[in-house]
Protein chains: 2
Amino acid sequence: MFEARLPQSHIFKKILEAVKDLLTEATFDCSDSGIQLQAMDNAHVSLVSLNLRSDGFDKYRCDRNLSMGINLASMTKIMKCAGNEDTLTMKAQDNADTVTFVFESKNQDRVSDYEMKLMNLDREYLGIPETDYACVVKIPSGEFARICRDLAQFGESINIACTKEGVKFSATGDIGSANIKLAQTANVDKEEEAVIVEMQEPVSLNFACRYLLNFAKAAPLSNQVSLSMSLDVPLVVEFKIDDIGHIRYYLAPKIETDDN
Amino acid sequence: MFEARLPQSHIFKKILEAVKDLLTEATFDCSDSGIQLQAMDNAHVSLVSLNLRSDGFDKYRCDRNLSMGINLASMTKIMKCAGNEDTLTMKAQDNADTVTFVFESKNQDRVSDYEMKLMNLDREYLGIPETDYACVVKIPSGEFARICRDLAQFGESINIACTKEGVKFSATGDIGSANIKLAQTANVDKEEEAVIVEMQEPVSLNFACRYLLNFAKAAPLSNQVSLSMSLDVPLVVEFKIDDIGHIRYYLAPKIETDDN
DNA sequence: CCGGCTCACG
DNA sequence: CGTGAGCCGG
C-alpha cells in the first residue's frame, strides 16, 4: 500500500494552487523515494515538475510504485476542505483506482476523509537534462510575482536580462515601456529579501508573460525563487518547498528579435 | 528638461484614483511654479483642477513650460507599479513626446522606469473666478465619501442645505428619503474630525450624486474636504494635498425645484 | 505597511 | 471562473 503523511496540509494546498491553472490533470508518481509529478501544461508550452522526497514526509510508505492519475480540479476541491494546520494523509491500495485523503485536526477532534477516483492518463515521460546555466538569479518570490503582474500590463512578453550587476525585467506595448531593475543585494539583512545573481555569461531572453504569471502562483510555497537561464534553453523557475522538495517550471524563450 | 521628484509615490497614485473616473485624458501643465491640470470631465459637466506647487516637490526643475497630454488610464496603470513608499520621479525632455516615471525603492535596490507616450490634446483654458461663497463647509473627507455613497442609494441628486447650525445632506427616491445632518463640532478633539461651517447666508442646493461620488474618490488625499456654495454658482469641492497643493472639483447646481 | 481574506465585477 | 478591489488582522 501507499501512505504519506504531512503534519501540515497547507503545503499541499499551495502546491495545488501552483499547478491547477496550468494542468487539468496530472499523474502523481509515487515510489520509495517520494512523489513526483511531471507534465506539460494544457497548451503543451511549459513543463511543470514537482518533487517531494519521501524523507520530507512525517511518515512515508510505498510498497510498490504507483502512478495516480488525478483530476486536479477535484483534488483542489478536496484540499480546500482541509484546515491549514490539519495533518494530511494520502493513502492508496496497491492496485486501487481511488486515493483517499485524510485530514486530522491537531487535537484529533475532527477527522475527515475524502476518497477520489483515479484516472488513467496517457503518460509522457520527459527527460530533462541537467544543465549549467549562463545565469541563475534568486529573488524574493513575492517580488517575482509583483514584477510579472506589473509588466503584464504592458505586453505579452517579458524580457529578462541578466548581468553581474543585477537583473532587469522589461516589457513594451501600446501604453509604453517598462523596466524593472533589481540590483544584487549587498547587505543581506534578511535572507528572504536577497537578490543574488550567479552569472557565467550575460543573457537576455523573452518569455510569455502569461506563463510567468502562472508560475508566480507558486510564490506562497517559498520566500525565494530562482530563475535559471541560458541562450536558447528553457528557463527554469524553481521554488523550493520547505524541507521536502521543489516545484520547477520550464519555459522555452520566445524566439523573437529584440525589436521591442 | 523637466524633472519632478516626490519622496512618496502614493500621493500621485491617489491623485490618479481621484481623476481617472472623470477624465480619460488630460494635460499636465508644467512650469517653474509647479504642475497644473485643469479639465472638464468627459461629459463636460464638472471641472477638475489640480495644483501641485513646485516647492512641494523634493526636487523640481522645469526649464521650459511643458504641456503633457496624458492618457490617464495608461498613467494609472503605471502608477500601480509603484510601491507606496517608492520615490517617484517624473522626467521629460523639453520637446519630447514621452514622459518617464522612475520609481526607486528606499534602499535603491529596486529601480523601475516606465516610459509613456504623450498625446496632443485640445486645450480649453477655463477661467475660474475667485468668489466669496455664501457657505463654506469643512467636513472629514471620509464622512463626505460615506454620505455620498449612502445617499446614492436613494436618488440621483443630493441636496446640500447649510445653516449656521450645520449642514444637511438629503436625497429622495423610490425607496424613500434620507437626511444626514452634521452639526458644527463644538469640541474639536481631533482637527480631522471637525465639522466647520462658515456661513454668510444659508443655502440649499441640489447636485448630481454621480459627480459627488466621483469627487469623493479624492478622499484618500486629505482628511478634510471643503464644500463652497452659493446660489446659482458651481459648488467647489476642495481637497488639500499635504504640503504641495490641492485638487478642486466644480459642479453647477441642478436647477430644479425642490420637489424631491 | 504588508499579507490574507472576502466581495464584486468582467 | 478568474481577476481585481476593499477590508481586517498581524
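Below, chain A is the first sequence line, B the second, and so on; all start at residue 1.
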With sequence neighbours left out, which residue pairs that include part of residues 44-55 of chain B fulfil the salt bridge (Lys or Arg N to Asp or Glu O under 4.0 Å) condition?
B:Arg53-B:Asp55

Starting from P on D:dG4, measure out to CD on B:Glu17 and report it in whole angstrom.
14 Å

Between A:Ile70 and the options A:Met116, A:Lys117, A:Glu25, the side-chain contact (heavy atoms from CB on, under 4.5 Å) test singles out A:Met116

What I want to check is whether the side chains of A:Gln8 and A:Glu85 have a donor and an acceptor closer together than 3.5 Å.
yes

Letter per nucleotide, 5' to 3', of nucleotides 2-10 of chain C [B base touched, S only sugar-phosphate touched, - untouched; heavy atoms, 4.0 Å]
---------

Would you mind reading off the distance between A:Gln153 atom CD and D:dG4 atom P, rounded to a whole angstrom?
9 Å

Does a side chain donor of either B:Thr100 or B:Asp113 reach within less than 3.5 Å of an acceptor in the other side chain?
no

What's the NZ-P distance between A:Lys77 and D:dC1, to the nearest Å?
7 Å

NA contact type, A:Lys20, heavy-atom cut-off 4.0 Å: base, sugar-phosphate, or nothing?
nothing

Determine the minimum heavy-atom distance between B:Ala43 and B:Tyr211, stating which atoms define it.
CB-OH, 3.4 Å

Provide, to the nearest angstrom, the distance between the CG atom belonging to A:Asp21 and the P atom belonging to D:dT3.
6 Å

Can you tell me if the side-chain N/O atoms of A:Lys217 get under 4.0 Å from OP1 or OP2 in D:dT3?
yes

Rounded distance (Å) that lies between atom P of D:dT3 and atom CZ of A:Arg210
10 Å

Salt bridge (charged side-chain N to carboxylate O under 4.0 Å, His left out) against B:Glu104, all qualifying residues, sequence neighbours excluded:
none

